[in-house]
Amino acid sequence: MTLLLKYAILQVMKFSKSCINTLREDPKEAESKSHRILLRGGFVRPLVSGIHIYLPLGWRILMRIEKIIREELNRIGAQEMLMPAICPRDVWEKSGRWIEYGDDMFKFKDRKGREYCLCPTHEEIITGIARNSIRSYRDLPQIWYQIQIKYRDELRSRFGVIRSRQFIMKDSYSLDRDDDGLSESFELHKQAYTNIYRRCGIDFEIVDAAGGLMGTGQSSEFVARVDGGEDTIAICANCDYRASLEVAQGIGKVFDFADSPVTEVHTPGKRSVDEVSDFLKVGSENLVKSIFYTASDKEPMLILLRGDYEINEGVIRSKFGFSYKPADAETIVRFFGAEPGFIGPVNKDDIAIYADDLLKGAKGMITGANKNDYHMKGLNLERDVNVREYLNLRVVKKGDACSKCRSELELHNSLELGHIFKLGTRYSKLLGATFLDENGEEKPIVMGSYGIGLERIMACVCEQKGDEHGAVWPISITPSEVYIVVLNPLDNDVAGVAEEVIQALTNNGFSVIIDDRDLSAGVKFNDSELLGIPLRLTIGPKGIKNDSFDIHLRETKEIVRVDKTSILCKLQELKSMLYRRLNE
RNA sequence: CGGGGCGUAGCGCAGCGGUUUAGCGCGCAUGGUUCGGGACCAUGAGGUCGUGGGUUCAAAUCCCACCGCCCCGACCA
């Protein structure tokens with residue numbers, strides 16, 4: 001037997017001889033649905049917090065996802081390569097991200113004391129490659145990608161593989177001569193990503209997003225609505241507006257309170273918005289909360305927000321800088337002469353004051369009096385406060401109106417699956433990746449960066465399609481297409497028919513798990529459902545006697561009954577039907 | 001880092017006002033009976049009770065410290 005044939009036969013996984021470990025009970029550490037399914041089905045296993053082992057079935061799924069990603073990226077002309085996971089410090093110093101990424105990066109020293117990190121992403125390295133290999137505008141555009149493990153020392157990993165400290169990522173990078181080129185590369189990726197997620201059977205949305213540590217250019221997120229997600233997206237029920245909560249802009253209700261002169265009120269021990277509004281018997285929208293931010297390298301600033309809204313930290317960081325942090329109590333006392341909960345914007349002209357735009361023209365408001373245990377009533381922003389600028393600084397909340405069409409916005413839990421960014425020239429300028437244009441002029445390469453987390457696709461499918469019995473894999477990424485339950489496998493007739501059917505299936509390109517364990521039927525049926533294999537064929541003495549075999553569809557629970565000669569044909573038909581359904 | 005929960009066999013758990021030999025269910029092994037939705041009988045293997053220290057004649061059990069895991073928050077492409 002040639003080696004090739006031997007591997008071809010491995011298309012068949014014999015349950016009794018495979019590393020498949022299903023758990024009869026839910027593992028206690030798993031609370032989210034995808035985590036539960038992935039652990040119980042034995043697809044993954046934890047090693048330490050945030051780091052997982054991908055067992056054979058889980059790895060098969062990931063490999064099939066990889067294949068789809070490769071096909072779609074190759075189709076837009078992207079070239080695959082593989083970069084190292086280890087990178088020396090100086091490369092990251094040049095981009096400024098050795099500090100910016102900070103503790104989120106795994107860092108270590110080699111035996112000579114030289115410092116390295118395990119790459120959390122690869123903009124620095126890719127820009128280095130571009131610097132060496134791109135000379136002329138004639139070399140552009142190009143798209144490069146890799147599928148590789150990324151390392152991020154997350155503050156808190158959670159939900160199994162959804163937020164982990166080591167994960168597989170497809171990261172691609174586009175190199176263009178100008179913004180128009182970048183826009184084209186960006187659109188190509190948008191199309192490729194759309195195809196990828198559709199082929200993986202995921203129901204997804206494309207939303208506007210924040211660039212975060214990547215930069216401040218345009219970025220879009222591919223997200224899935226799931227109950228167990230860790231992010232939130234705002235979706236307009238009426239128009240096509242959708243945005244990640246970090247950047248979503250809504251229109252809030254405006255309240256008109258009667259104007260009056262400023263007076264102090266005694267509010268002993270009442271600090272929070274809820275405490276003060278309860279105590280004074282007013283709605284939280286009647287309050288102005290003051291949040292004091294300081295930064296090591298920038299001037300302190302006071303942010304004013306209406307009491308019924310939360311501050312959008314993402315906007316603070318992208319607008320004012322990453323170094324801004326809410327001040328501690330001691331600093332607040334030093335600047336305001338009052339404790340947190342009692343500070344306010346009146347007579348604070350020496351501090352930069354930015355207010356949320358919902359406060360423009362607000363009057364009759366209540367805010368801290370800069371005196372412990374006192375607030376002030378009758379605040380008129382225009383009259384009493386020296387606001388430097390009004391900006392949208394609040395997080396959208398349920399009931400806000402869409403900024404595009406004024407319909408109501410809905411908020412949904414979501415899971416980030418992929419993110420595409422227009423980087424622009426940030427990295428190429430810092431790291432000197434330039435080209436000569438037709439006029440012989442040296443210009444920085446205009447770059448884009450695009451990422452997909454592979455495990456999240458797997459987890460997302462569990463979240464969206466999984467049911468009380470376990471996983472439901474789409475035919476495109478299932479670890480195996482057909483699960484054959486052999487009942488009474490020690491019976492010679494049964495074993496004979498099973499053998500025959502398996503031959504026919506593998507000869508026709510099916511991947512098969514055969515459950516040849518000598519166990520009672522229920523155990524095998526339940527495992528087939530837990531493992532989520534789309535098609536299940538049962539071979540047992542009764543079926544052989546009556547020449548009637550059951551094919552069960554995992555997703556719809558339909559049962560199709562066929563005679564022996566039609567098994568192959570029917571399975572082929574069902575398989576193509578399942579593929580067709582993915583494209584609908 | 002703050003708050004909460006937990007750590008006893010591969011998995012799920014009981015025992016935890018100190019007491020010979022640490023239990024139960026599932027799984028695993030052997031033999032037998034079964035066999036179309038988590039079978040049954042018999043026998044058996046499997047444990048540094050998270051780690052270290054302390055109290056005590058005696059610690060899984062009481063005390064201290066540490067480690068690890070999960071959840072909430074802070075934080076995060």
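Here is the naming used below: chain letters follow the sequence lines, and residue numbers restart at 1 for every chain. These values consider heavy atoms only, across backbone and side chains, with no hydrogens, waters or symmetry-generated copies.
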Is any side-chain N or O of A/Asp550 under 3.5 Å from a base N or O of B/G36, one able to act as donor and the other as acceptor? yes
Can you find a donor-acceptor pair, distance only, under 3.5 Å between A/Glu529 side chain and B/G37 base? yes
Whole angstrom value for the distance that separates P of B/C69 from NE2 of A/His35: 12 Å
By nearest atom, which of the nucleotides B/C71, B/G38, B/C11 is closest to the A/Leu23 side chain? B/C11
Taking B/U34, B/G37, B/A39 as options, the one with an atom nearest any side-chain atom of A/Asp518 is B/U34
Indicate, yes or no, whether a donor-acceptor pair under 3.5 Å links the base of B/C76 to the side chain of A/Arg156. no
Candidates A/Arg426, A/Lys94, A/Arg97 - the one meeting salt bridge (Lys or Arg N to Asp or Glu O under 4.0 Å) with A/Glu124: A/Arg97
Side-chain N or O of A/Arg24 less than 4.0 angstrom from OP1 or OP2 on B/G25? no
Nearest to the side chain of A/Glu29, which nucleotide is it out of B/C70, B/C11, B/A39? B/C70
Can you find an N or O donor on one side and an acceptor on the other, under 3.5 Å apart, linking the side chain of A/Arg517 with the base of B/G27? no
Less than 4.0 angstrom from a charged side-chain N to a carboxylate O is my criterion; do A/Asp467 and A/Arg554 meet it? yes
Options B/C6, B/A39, B/C69, nucleotide nearest the side-chain atoms of A/Lys28: B/C6
Nearest to the side chain of A/Thr538, heavy atoms from C-beta on, is which of B/G36, B/C75, B/G37? B/G36
Whole Å only: how far is the OH atom of A/Tyr101 from the C1' atom of B/C75? 13 Å
Looking at the base of B/G36, is there any donor atom on it, or on the side chain of A/Arg561, that sits under 3.5 Å from an acceptor on the other one? no
Ranking B/C70, B/C71, B/G38 by distance to the side chain of A/Ser49, first place goes to B/C70
Taking the side chain of A/Glu25 as heavy atoms from C-beta outward, which of B/C69, B/G25, B/G36 is closest to it? B/G25
